[in-house]
Amino acid sequence: MTNQGATALRVLFIEDSEDDVQLVLRLLRKDNYSPIYRRVDQESAVQRALREEPWDLVICDYSMPELSAQKALAIFQQFHLDIPYIVVSGTVGEDTAVEMMKAGAHDYVMKQNLTRLAPAIRRELKDAQERSARRRAEKELAHLAYYDRLTGLPNLTLLLDRLDQAIVYARRDDQRMAVLQLNIDRFKSVNDTLGPMAGDRLLYGVAERLLGAVAADGTVARIERDTFAVLITGMKDSTEARAMAERLRDVLARPMVINGHEIHLFSSIGIALFPDDGDDAATLVRHAEGAMYDVRARGGDASAQFARDSDTMVQRRFTLENNLWRALREGEFELHYQPQLNLKTGQISGVEALVRWHDRDLGIIMPDHFIPVAEESGIILPLGEWILGQACRDYAYWRKRGTAPPKMSVNLSVRQLLDSSILEIVGKAQTDYFSDKFGVLEMEITESG
């Protein structure tokens, strides 16, 4: 009879006495377990039971006519099961119990003291659960360290590791290989128009198409938001890499339907060859990236192999990003205000705040040269917050002097609009500077893409 609310427990008994099994089962039921069991006492039967069924617990007698406890434990260990293995016997002394524990048994309970059995089972089951949870957590952390969360593809770290291994084999076998870096043209426009969830679905679809197009011995990785990489090994010549690049472009060019919208994808692909364009993993990835940026600079929707000018372009972009962070930190940005006129009255109806970068070496730099990089790199978020705050401070100063225009317009990028903190930032600006005068602050969405 099963106790209501009892904990189910699958127990494998390695035991030659059914009476002893029933004695243990009564103790388990008394301790609010509902055991399902199987009794075996021969080597082949132990192997079959461990192979055929899942078990929560193994209870093994020490002395049996056809099987020793030591042999039974050795068979159990061959299956690498992390479940409690408890020896129950009344024929041996403490020294033997210690030896069994050293060999891998989790506990040893004397039949003359079976009151220890239920607490021992509870403790060992809890420990097994904790070990299992720890392994799952460690496995999850390892997966996060090497795989992209959205697509499940290898990330840059794993790609570089596989590249290192592939280079070793390519050198040994005197073969060539290639790294292709692929960027989805105008992905930002799709993401901004349909929203980030649709953008994620699109990226997942891209990953599936790339996996379907690349051979099983190749590697497809996602290394940035809308940038993927493909590793091709065992090539005879560079024409295989160029052919693969065009194949990937064709695969991605097929329309993809997201939220009822038919989206036509275009891609820019850069190619770096081993050993022609680099003989280490980091160089190959960097040179593939440079070739990709070259393609994008020429309008995208094409592929190209690395050239020395490509490396220069990557370096320029890297330098520009670093200089933007420095400019923000050191106060090199300034606001210019463009008047807005009412054509009927001829009066100024407001002003629009326009950001300029006063570089310490180059002088005034216009937004067209740095805003796209600021948006792609994320610098636009702290920069946009500074622009809004400075515009509000300037407006407050004009109000004190009695020269404030009726309205203040500040540009807001779509990247800022989608950021979760934007409502708090704009709300604080309204509270701090315009709480007594609603309708003064206007936000205009820019159309960069």
Under 3.5 Å, is there a donor-acceptor pair between the side chain of [X] and the main chain of [Y]?
| X | Y | answer |
| --- | --- | --- |
| T227 | I223 | no |
| Y85 | L73 | yes |
| N259 | H261 | no |

Trace of the side chain to side chain donor-acceptor pair (under 3.5 Å) decision for S349 with Q340: CA-CA 6 Å; S349 60; Q340 297 172 328; 4.9 Å; no
Kindly write out the residues that satisfy side chain to side chain contact (heavy atoms under 4.5 Å, CB included) with A272, not counting sequence neighbours, or none if the list is empty.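 Per chain and number, A272 pairs via side chain to side chain contact (heavy atoms under 4.5 Å, CB included) with D277, L284, H287, A288.
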Give a yes or no on this: more than 12 heavy atoms of other residues, nucleotides or ligands lie within 6.0 Å of atom [atom1] of [X].
| X | atom1 | value |
| --- | --- | --- |
| R172 | CZ | yes |
| Y397 | OH | no |
| E130 | CD | yes |
| L343 | CG | no |

Taking the side chain as every heavy atom from C-beta outward, state whether V87 and D107 have any atom pair closer than 4.5 Å.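 SC-SC contact between V87 and D107 ruled out.
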Quick one: are V355 and W357 in side-chain contact, heavy atoms under 4.5 Å? no
What's the separation between atom [atom1] in [X] and atom [atom2] in [Y], rounded to the nearest 0.5 Å?
| X | Y | atom1 | atom2 | answer |
| --- | --- | --- | --- | --- |
| L381 | I422 | CG | CD1 | 8.5 Å |
| L144 | N155 | CG | CG | 9.5 Å |
| T403 | R399 | OG1 | CZ | 11.5 Å |
| L159 | R222 | CG | CZ | 14.0 Å |
| N323 | W325 | CG | CH2 | 13.0 Å |
| L203 | I184 | CG | CD1 | 7.5 Å |

For L252 versus R209, what's the shortest heavy-atom pair and its separation?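 Residues L252 and R209, closest heavy atoms: O-NH1, 3.6 Å.
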Please report the shortest heavy-atom distance between I380 and S413, naming the atom on each side.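 Here I380 and S413 meet closest at CG1-OG, 3.6 Å.
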Is the F76-W55 ring centre distance short of 6.0 angstrom?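 Centroid separation for F76 and W55: 6.0 Å or greater.
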Test R393 against Q390 for side chain to side chain donor-acceptor pair (under 3.5 Å), laying out the working first. CA-CA 5 Å; R393 287 188 289 273; Q390 186 59 47; 3.2 Å; yes
[X] bridged to [Y] by N-O distance under 4.0 Å:
| X | Y | answer |
| --- | --- | --- |
| R176 | E240 | no |
| R38 | E52 | yes |
| E334 | R356 | no |

Parallel, tilted or perpendicular: ring planes of W386 versus F333, cut at 30 and 60 degrees: tilted
Picking from D294, D301, D185, what satisfies side chain to side chain donor-acceptor pair (under 3.5 Å) with S268? D185
Whether the N322 and T319 side chains hold a donor-acceptor pair (N or O, under 3.5 Å, no angle test) is what I'd like checked.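 There is no such pair (donor and acceptor under 3.5 Å, judged by atom type) between the side chains of N322 and T319.
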